[in-house]
Amino acid sequence: MANSDRADTAIAFVYRGTFVHSTQQTALQILKDALLGVDAQGKIAFIREGKELEKLSQTFGFKTSDITQLAQHEFFMPGLVDTHIHASQYSYAGTALDMPLLQWLNAYTFPVESCFKDLEFARKVYTQIVRRTLRNGTTTACYFATIHTEASLLLGQIARPFKDTQVTLRRLFIIYDFGQRALVGKVCMDRNDCVKHYKETLQDSQDETCRFIKELLEKKYPLVKPVVTPRFAPSCTGALLEQLGEIAKNNNLHIQSHISETHEEVKLVKELFPESESYTDVYRKHNLLTDKTVMAHGCHLSDEELALFRETGASLSHCPNSNFSLCSGVLNVRNVLKHKVKLGLGTDVAGGYSASMLDAVRRALDASKVLTIQDPKYKTLSFEEVFRIATLGGSQALSLDDQTGNFEVGKDFDALRINVAAEGGPIDLIQDEEPKILLEKFLNLGDDRNIVEVFVAGRRVVPITE
Ligand code: GUN
Ligand code: FE
């Protein structure tokens, strides 16, 4: 167990029981009868063996009666990290999965996203998606919004952790702010030949991106950051990509986009950017591949392109539900890991039909099995490996692993309290099981009924109180 305790701050609460998490060395570390203390700043102050209770309570000054004991079929795991999700597409999640990507964008996505000019509509959708993802254990989400600055700012506000009273033109209403850790991106696109009204001019895209970043940073939400978001190369001119690369560099910001999701898209990028050696080279040329970049999909990247990811420190978001649903491709995760490219999991709502990261875990295992069916020598991913990608891997992919991703002392306490035998839940436990089996059952069979508490930066955000 980690033993560099932080004895300098007051302890807010302590849990005792089973903790499971990943480290750089082990995909699954199980700590039985552990004591975890969270300080007043929401950071993990200590994680030690239960037998050290007396000494810990003296060092940190808490009463043993303040400890919450987990039941036998309960455990804590790190919060799930969704490295790629379109908050603006949630209204049609679970539908519209009958076309390949480029047709799908024109037929469904752009018409819906253009509605986010309407702030009331935006508030409704964004409130629902933040609530739904939190209840399903997503403590960190990397969101795409739309091209609309005001609605994108609203998404940042809904994710952040305070209740606020807002006066609108005609009435007073409360926006319930949920306390999720989030990267929020105003989408940039100055090229869209299919839905003419859903695009910006180069100048507007640049100006509004700067305004979005400035206004979001001024709000000083501790857990919400702006992310520079060119939609993908086909919807941006080279001039816009260039500007966005500059903006990200000048403000030291995160960057997100899509890459190599389908063969048709890769072909289109070749036609639109003939001077570039590859799709990855388009982003690299415009300074959009950095160690704070996360690119969704990458199903059809070459080894040379993966090497460029590795070199620049850019990461990939694996979105298997979307890749199956839009028949885009199957990411070879082993090959990504072999190239030492940082990798997280994403739901990619609504190309992916489920907003739950548990679904992403299952689809990632399925995708890996498809590769094994095609080639029996392909080593299928284990559930422990996918667990790591969904938690620590995601935090690394978003360059947030200094703050979250596992239960290291000094990190924020982003955690899910899981009750595998929750009453009325989807899992029947026939007998007592070891923690490893409890985790495997939860990942494969569990749902939000098993997630009895969710913490972000030490603050309990589920059950949601309104
Ligand atoms: N590529 C560009 N935009 C999108 C999008 O909204 N969803 C997916 N899956 N791929 C994209
Ligand atoms: Fe996407």
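Order of appearance sets the numbers: ligands from 1, and atoms from 1 within every ligand. Just so you know, these numbers come straight off a predicted model, no measurement behind them.
With respect to K186, the salt bridge (Lys or Arg N to Asp or Glu O under 4.0 Å) criterion is satisfied by exactly one of E208, E200, E215: E200. For the side chain to side chain contact (heavy atoms under 4.5 Å, CB included) test with E261, the passing option among D348, L102, V266, L331 is D348; the others fail.
For the residue pair T23 and T26, a side-chain donor N or O sits within less than 3.5 Å of a side-chain acceptor on the partner. Counting only N and O atoms by type, the side chains of N335 and D303 include a donor and acceptor under 3.5 Å apart. Side-chain contact annotation: S317 with T83, donor-acceptor N/O pair under 3.5 Å present. There is no side-chain donor-acceptor pair under 3.5 Å between D190 and S205.
Judged as a ring-ring contact (aromatic ring centres under 6.0 Å, His included), and not counting sequence neighbours, the contacts of F76 are Y15, F19, F413. Take E305 and apply the side-chain contact (heavy atoms from CB on, under 4.5 Å) test, not counting sequence neighbours, and it matches S278, Y279, T280, L301, S302.
Near-neighbour remark for the Fe ion (ligand 2): protein N, O or S atoms under 2.8 Å are H84 NE2, H86 NE2, H258 NE2, D348 OD1; waters not counted.
Using the six-membered ring where Trp is involved, H258 and H297 have ring planes that are parallel, under 30° apart on the 30 and 60° scheme.
Sorted by chain then number, the residues whose non-hydrogen atoms approach ligand 1 to under 4.0 Å are H86, Q89, L101, W104, L105, R231, F232, H258, E261, H297, S322, D348.
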